[in-house]
Amino acid sequence: VSVSRLCRRRGIGKALLTTALSLARTEHGAENFTLEMRVSNAPARALYERLGFTYEGTRPGYYTHPREDACIYWMR
């Protein structure tokens, strides 16, 4: 999920993600969710943690340009 820099901090990302999670649960029976993001993306990490995702690991050097680790989150 990505929101334009000009539109951030308005609850759009939260609305998109909660809707996607709800549809995945109700229409597809999904029970577990995973996601990852750059370790430097503190706003995304905070959002995902508020929604109930838990940090469960790191993928070293996952991203390029610039090279950076990825944080792995799960909601079970």
Side-chain angles (χ1 to χ4, degrees):
V1 173
S2 180
V3 176
S4 167
R5 290 183 194 275
L6 298 174
C7 297
R8 291 181 185 164
R9 309 287 306 157
R10 298 181 190 178
I12 296 168
K14 181 180 179 182
L16 289 169
L17 194 55
T18 56
T19 299
L21 294 169
S22 178
L23 289 171
R25 285 185 185 108
T26 59
E27 295 189 15
H28 301 285
E31 297 177 2
N32 300 301
F33 303 91
T34 187
L35 53 82
E36 57 190 46
M37 85 284 318
R38 290 179 178 272
V39 295
S40 63
N41 193 345
R45 292 178 73 166
L47 170 63
Y48 300 140
E49 289 172 5
R50 279 194 308 273
L51 294 177
F53 283 87
T54 304
Y55 170 79
E56 293 200 16
T58 301
R59 290 188 202 280
Y62 181 77
Y63 292 101
T64 58
H65 307 296
R67 188 158 185 80
E68 188 171 4
D69 296 346
C71 293
I72 303 165
Y73 278 76
W74 278 88
M75 178 189 289
R76 302 180 196 272

* To do: Give the minimum heavy-atom separation between Tyr63 and Asp69, together with the two atoms involved.
  =>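 Closest heavy-atom pair between Tyr63 and Asp69: CD1-O, 3.9 Å.
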* In Å, rounded to the nearest 0.5 Å, how long is the span from CG of Leu47 to OH of Tyr73? ->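 If I round to the nearest 0.5 Å, the distance is 10.5 Å.
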* Asked: What distance separates Tyr62 OH from Ile72 CD1, expressed to the nearest 0.5 Å?
  ->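 If we round to the nearest 0.5 Å, Tyr62:OH and Ile72:CD1 are 9.0 Å apart.
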Which pairs, with at least one residue in [range] and sequence neighbours excluded, count as a salt bridge (Lys or Arg N to Asp or Glu O under 4.0 Å)?
range	value
residues 40-53	none
residues 55-66	Glu36-Arg59, Glu56-Arg76
residues 24-35	none

* Asked: Heavy atoms, side chains only, cut-off 4.5 Å: are Thr54 and Trp74 in contact?
  ->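 Side-chain contact under 4.5 Å: no.
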* Under a 4.5 Å cut-off applied to non-hydrogen side-chain atoms, are Pro43 and Met37 in contact? ->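 The answer is no, as the side chains (C-beta and beyond) never meet within the 4.5 Å cut-off.
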* Non-neighbouring partners of Ser40 that pass side-chain hydrogen bond (donor to acceptor under 3.5 Å, both in side chains), sequence neighbours left out ->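 In terms of side-chain hydrogen bond (donor to acceptor under 3.5 Å, both in side chains), with neighbours along the sequence ignored, Ser40 is linked to Glu68.
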Pair up each side-chain donor or acceptor in residues 13-24 with any protein partner under 3.5 Å, not counting sequence neighbours, and list the distances.
{"unit_1": "Thr18", "atom_1": "OG1", "unit_2": "Lys14", "atom_2": "O", "d": "2.9"}
{"unit_1": "Thr18", "atom_1": "OG1", "unit_2": "Ala15", "atom_2": "O", "d": "3.2"}
{"unit_1": "Thr19", "atom_1": "OG1", "unit_2": "Ala15", "atom_2": "O", "d": "2.8"}

* To do: Decide whether Phe53 and Val39 are clustered together by the hydrophobic rule: side chain heavy atoms of Ile, Leu, Val, Met, Phe, Trp, Tyr closer than 4.5 Å, transitively.
  =>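 Not linked; separate clusters.
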* So, the side chain of Thr58 versus the backbone of Cys71: is there a donor-acceptor pair under 3.5 Å, distance only? ->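 No; judged by distance alone, with no hydrogens or angles, the pair does not exist.
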* Asked: Going by side-chain heavy atoms closer than 4.5 Å, which hydrophobic residues are tied to Leu6, directly or by a chain of links?
  ->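 Members besides Leu6: none; it forms no cluster.
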